[in-house]
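Notes follow once the structure below has been shown.
The sequence lines fix the lettering, A, B, ..., with proteins before strands; numbering per chain opens at 1.
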Amino acid sequence: MTKLYVNGTEHEIEAAADTPLLWVLRDVLKLAGTKYGCGIAQCGSCTVHVDGTPVRSCIAPLASVAGKQVTTIEGVAEGETLHPVQQAWLEHDVVQCGYCQSGQIMSAIALLERNPDPSDAEIDEAMAGNICRCGTYQRIRKAIKAVASP
Amino acid sequence: MSDNRIDTLTRRQFVRAAGAAAGGLLVGFNLSACDSGPVSGQVTGDGPLLANTFIRIALDNSVAILVNHSEKGNGAYTALPMLVAEELDLDWSSITVEPAPTSPEYYHAWWGVYITGGSTSTGSSWGPLRSAGAKTRAMLLEAASRYWETDASGLTTAGGYVVDAANGRKLAYGDLIATIREHDIQPPESVMLKDPADFRIIGKDRRRIDAPEKVTGKAVFGIDVELPNLRTATVLRSPVFGGKVKSFDASEALLVEGVVKVKEVSSGVAVVADNFWAARKGRDALKVEWDLGSNAGLSTAAFYEEYRRLVDTDGLVAEDVGDVEAAFREFGDSEDSSIVEAVYELPYLAHATMEPMNAVADVRADRCEVWSGTQFQSNDRRLIAEYLGLSEESVVIHRSLMGGSFGRRASTIADFTLEAVEVANGESFPVKVIWSREDDMRGGFYRPLFVHKIRGLVDGDGTIQAWHQRAAGQSIMQDTVFEQAYMADGIDVYSMDGCVDQPYSIANHRVESHNPAKVGPLPLWWRAVGQTHTGFAYESFLDELAHAAGRDPMELRLELTRDFPRMHQVLETMAEAVDWGSPRADNRGVGLAARTAFGSFLAQVAEISVTDDRQIHVDKVTCVIDCGRAVNPLGVRAQVQSGIVYGMTAAMTGEIEIEEGRVKQSNFHDYPVMRMPHMPEVVVHIVDSGADPSGVGEPPTAPIAAAMTNALFDATGERVRKLPLINQGWRFRS
């Protein structure tokens with residue numbers, strides 16, 4: 001049993017210690033908003049926050065996050081009120097297929113939490129780990145900037 | 001259908017294709033929307049009761065619109081309801097979207113199968129969905145007129161209500177359902193559609209209807225489907241295409257906690273487990289001995305060698321205008337004319353959708369239910385029914401949202417969907433088969449590898465007198481259900497799309513095709529299909545001829561398109577938009593490419609910067625597109641950005657290589673794709689030609705590679721004829 005806090009709720013997880021956090025979230029906790037894209041931390045679709053830091057959950061074994069606070073895409077809104085980044089995503093009509101967007105949003109939130117007014121270069125650097133095959137990058141950039149300077 | 005829809009086939013090919021398809025399976029794949037009915041005016045009864053097919057209005061005034069095209073990022077779930085909402089004057093917030101079931105009334109309006117493809121979702125729905133909305137509106141007007149006992153001519157509709165302005169009263173649509181039933185009100189045989197001048201929804205930016213669930217993680221993709229007692233499986237597939245299991249040892253796999261079963265299926269050995277991780281670990285523990293079959297020596301290097309040889313020989317003639325040989329004879333010897341010859345080479349490409357392939361199947365003795373992100377559900381259903389020995393009616397396909405597709409999920413052999421059925425067959429529980437990224441990357445179904453050779457002649461006046469092109473690459477359509485409709489005289493219409501019937505007046509123009517044997521990975525449509533390679537070869541060579549003739553590439557295209565007003569207009573708009581010909585810095589280049597593709601006309605200008613150590617950055621791409629009426633301009637702009645990114649990735653880094661029968665690439669570290677730092681500014685200009693809607697999703701992928709390499713030539717004088725650019729030592733600026 002591994003203790004874990006996900007979106008503020010304590011869980012006792014029964015899963016092999018080497019199970020990546022991604023599959024704990026998806027298969028054990030049924031939080032399917034975090035996506036599998038590559039399994040080797042190349043695409044960013046599985047990005048979650050662990051103790052406030054963006055982490056590729058596909059390569060984070062359960063044992064490595066024991067006792068930690070995990071935030072997923074399901075946990076960033078305050079009830080019915082969307083996170084400002086989610087709201088900006090809607091206003092700029094960012095998504096297309098949407099599969100990568102949980103990860104994109106989690107990376108963007110983490111960026112803005114540590115750097116509320118990022119430059120283009122800083123956005124490039126922070127978001128470079130998140131692939132979008134639909135090519136929504138231009139609107140992601142605009143949405144991040146809109147949150148940065150409302 | 002009338003033949004003026006076909007504008008990328010030659011007339012002769014069209015006649016053949018139409019004749020071959022007389023059985024009713026399929027007619028014409030590459031359609032524009034020229035005859036889906038007048039934009040406004042009298043529309044006569046057209047088949048099934050549309051009002052009850054696509055639209056469901058509930059008593060609480062909520063409206064479900066059944067959409068018969070897949071949502072894979074393309075925006076169909078937003079644009080298609082807009083067509084209904086316009087004619088039916090709906091309150092947009094009352095609309096929900098449901099994927100329409102696999103039933104003939106939902107088959108593609110042009111093709112008679114249930115498919116999403118060819119950039120036709122909006123074009124093929126333009127008539128039927130507006131008609132469905134208008135007929136439903138007519139029924140509601142009649143109902144209100146009966147209810148109020150007043151003449152219908154004084155009634156209007158707005159925001160989900162029938163309004164009687166003269167008497168200051170209104171009725172919600174849902175409140176009229178009882179009246180419709182009571183009086184058995186039927187949809188009219190014919191109905192007037194709105195004058196475009198009265199459009200309030202069509203042509204206005206509309207944000208995506210599926211965005212809220214996609215920014216909150218609630219959207220259910222195929223990989224997210226949950227069912228009681230659901231198990232997860234992974235399949236160990238042959239390392240070589242077509243290889244078969246000789247024997248396997250599952251003893252260690254079965255020791256992995258959570259693994260419930262190991263079984264052989266036609267694609268390999270499936271490990272079924274309680275969850276993905278157990279299935280994955282179980283698969284890693286499998287020992288399989290393979291019969292690698294005849295493809296164990298296959299290599300892409302050998303394909304290139306073979307195809308290079310082929311393009312030096314006569315092929316099947318796909319287009320033959322004028323007399324190319326005579327032109328070469330007549331002008332070839334003259335001192336002031338120039339002959340240019342070039343070979344262009346393009347690799348296999350994986351679709352690399354963000355969501356790897358997957359499907360869920362629940363197989364019982366007398367029925368089968370499938371959950372799949374599919375673009376081609378009638379084909380899936382037919383093949384599943386055949387495999388299980390069930391009637392098609394006993395097979396139910398639930399179409400999920402899909403995390404990208406780009407053609408991959410319109411499988412001619414239902415591969416990933418049928419595989420899930422095979423794994424679940426005989427089990428008491430439903431099974432979800434998930435492909436790993438590596439499975440997906442190495443799974444085949446690639447954009448075919450192509451070699452083009454073009455010989456051109458420019459006379460002393462700078463006029464292109466002759467164009468002789470030969471292409472070699474595996475046919476997508478050959479040996480598939482599409483062969484009859486899309487192969488004419490042995491020529492795959494889609495392989496040649498984009499090098500025949502382009503809107504350029506060239507007096508002597510000959511195109512030949514070679515279809516080498518289909519061995520190894522199955523070739524499949526990949527966003528823009530033939531245009532992904534023909535676009536690069538054609539527009540690169542046009543640029544080469546312009547330079548050989550000492551002419552400006554824009555000015556040359558403007559002259560060549562004089563008889564093609566829509567293309568000409570696009571180019572004129574582009575010249576003005578980018579201030580073509582303005583001076584630029586030494587390390588910068590500007591490249592132009594233009595295409596007609598999927599019924600649309602478009603041009604792109606790429607502006608790039610290069611460094612001395614061969615780093616390239618695309619600073620800006622301007623795209624001018626005439627896609628007929630832009631139903632949702634916001635969605636059109638998104639798809640243009642999207643198509644450009646997809647094509648840029650292929651041009652820069654996209655390549656699947658095969659050595660000794662095995663695919664070298666496996667994941668995003670060795671099949672790199674465009675990321676945020678590589679994103680250019682994309683500026684989109686939509687030319688409003690007033691024509692009916694034509695393709696948007698695929699066309700923008702067609703010109704971008706040539707626009708980039710033409711820009712590279714402009715900046716450096718280096719002509720790149722083999723993609724991807726990384727193989728020529730170029731890389732994205734970091």
Side-chain angles (χ1 to χ4, degrees), chain A residues 15-16 18-20 22-24 26-28 30-40 42-43 45 72-74 76-77 82-83 85-87 89-102 105 121 123-141, chain B residues 71-75 205 207-208 210-221 223-224 226 232 257-258 274-278 281 352-356 401-406 434 436-438 634 638-639 641-646 648-649 667-669 673-679 681-682:
Chain A
D18 67 346
T19 308
L22 168 66
W23 297 104
V24 171
R26 291 183 57 85
D27 284 351
V28 180
K30 306 296 182 193
L31 291 170
T34 305
K35 302 301 188 201
Y36 166 67
C38 70
I40 58 167
Q42 284 289 312
C43 80
S45 294
T72 72
I73 187 68
E74 291 91 347
V76 295
L82 294 181
H83 188 283
V85 170
Q86 291 173 307
Q87 193 58 45
W89 248 240
L90 291 183
E91 280 160 18
H92 292 267
D93 209 42
V94 169
V95 312
Q96 286 197 236
C97 89
Y99 192 79
C100 73
Q101 297 295 345
S102 298
I105 289 169
I123 292 173
D124 282 351
E125 192 188 349
M127 302 304 292
N130 289 81
I131 293 171
C132 173
R133 290 287 282 154
C134 294
T136 63
Y137 299 123
Q138 181 161 314
R139 300 191 300 282
I140 289 174
R141 185 189 301 281
Chain B
E71 179 55 70
K72 46 201 164 74
N74 48 341
D205 284 351
R207 289 177 193 157
R208 298 182 62 105
D210 53 352
E213 58 179 345
K214 287 178 174 176
V215 303
T216 52
K218 290 175 184 156
V220 177
F221 297 87
I223 202 169
D224 304 326
E226 274 296 331
T232 301
E257 197 181 333
D274 291 333
N275 55 64
F276 176 82
W277 193 243
K281 283 207 289 186
T353 60
M354 286 313 300
E355 179 193 12
L401 292 171
M402 43 208 85
S405 179
F406 318 113
I434 297 178
S436 70
R437 172 59 58 195
E438 292 78 10
L634 187 63
Q639 278 288 64
Q641 293 169 23
S642 177
I644 287 169
V645 169
Y646 206 70
M648 268 183 70
T649 284
N667 205 317
F668 289 119
H669 67 289
V673 300
M674 250 184 82
R675 294 169 182 269
M676 177 67 90
H678 314 135
M679 184 69 199
E681 178 194 3
V682 175

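Scanning all heavy atoms of the two residues, the minimum distance from A:C97 to B:K72 falls at CB-O, 3.3 Å. When all heavy atoms are compared, the tightest approach of B:E438 to A:I40 is OE2-CG2, 4.4 Å. Looking at every heavy atom in both residues, B:K214 comes nearest to A:Q96 through NZ-O, 2.8 Å. Scanning both residues, B:P356 and A:G37, for their nearest heavy atoms gives CG-O, 4.2 Å. Closest heavy-atom contact between A:A16 and B:K281: CB-NZ, 4.0 Å. Of all non-hydrogen atoms in A:C43 and B:F668, the two that sit nearest each other are CB-CD1, 3.9 Å.
No donor-acceptor pair closer than 3.5 Å links the side chain of A:R141 to the backbone N or O of B:M679. Although no hydrogens or angles enter the test, the distance criterion places a donor-acceptor pair under 3.5 Å between the side chain of A:Q138 and the main chain of B:V682.
For chain A, the nearby parts of B:S436 are the backbone and the side chain; heavy atoms of each come within less than 4.5 Å. Contact of A:L22 with chain B is not made at all, since no heavy-atom distance falls under 4.5 Å. A:Q87 does not touch chain B: none of its heavy atoms, backbone or side chain, sits under 4.5 Å away. Looking at A:A128, the atoms closer than 4.5 Å to chain B (heavy atoms on both sides) sit in the backbone and in the side chain alike. Both the backbone and the side chain of B:A211 come within less than 4.5 Å of a heavy atom in chain A. Using a 4.5 Å cut-off between heavy atoms, A:T19 contacts chain B through both its backbone and its side chain. Of the atoms belonging to B:V215, heavy atoms from both backbone and side chain fall under 4.5 Å from chain A. Neither the backbone nor the side chain of B:E257 comes within contact range of chain A, judged by heavy atoms closer than 4.5 Å. For chain A, the nearby parts of B:M354 are the backbone and the side chain; heavy atoms of each come within less than 4.5 Å. Using a 4.5 Å cut-off between heavy atoms, B:L634 contacts chain A through its side chain alone, with no backbone atom that close. When heavy atoms are compared at a cutoff of 4.5 Å, A:L90 approaches chain B by way of both its backbone and its side chain. Residue B:A352 touches chain A through both its backbone and its side chain, counting heavy-atom pairs closer than 4.5 Å.
If you take CH2 on B:W277 and CG on A:D27, they are separated by 11.5 Å, rounding to the nearest 0.5 Å. Between atom CG of residue B:N275 and atom CZ of residue A:R26 there is a gap of 12.0 Å, rounded to the nearest 0.5 Å. One finds the CD1 atom of A:I140 at 5.0 Å from the CE atom of B:M676 (value rounded to the nearest 0.5 Å). Note that NE2 of B:H678 is 8.5 Å distant from OH of A:Y137, once rounded to the nearest 0.5 Å. For the atom pair A:T136 OG1 and B:Q641 CD, the distance stands at 9.0 Å (nearest 0.5 Å). Considering CZ of B:R675 and SG of A:C132, their distance stands at 11.5 Å, rounded to 0.5 Å.
Residue with the most contacts toward chain B among A:M127, A:E74, A:E91: A:E91 (heavy-atom pairs, distance under 4.5 Å). Of all the listed residues (A:K35, A:H83, A:E125, A:Q101), the one sharing the greatest number of non-hydrogen pairs under 4.5 Å with chain B is A:K35. The candidate with the highest count of non-hydrogen atom pairs below 4.5 Å against chain B, out of A:V94, A:D93, A:I73, is A:D93. The candidate from A:K30, A:R133, A:H92, A:Q42 with the greatest count of non-hydrogen atom pairs under 4.5 Å with chain B is A:R133. No other option in A:D18, A:I105, A:V76, A:T72 has as many heavy-atom pairs under 4.5 Å with chain B as A:D18. When the candidates B:Q639, B:M648, B:K218 are compared by the number of heavy-atom contacts under 4.5 Å with chain A, B:Q639 comes out ahead. Among the candidates B:E681, B:M402, B:E71, B:R207, the residue making the largest number of heavy-atom pairs closer than 4.5 Å to chain A is B:R207.
In this structure, A:Y99 and B:F221 have perpendicular ring planes: the angle between them is above 60°, well past the 30° mark.
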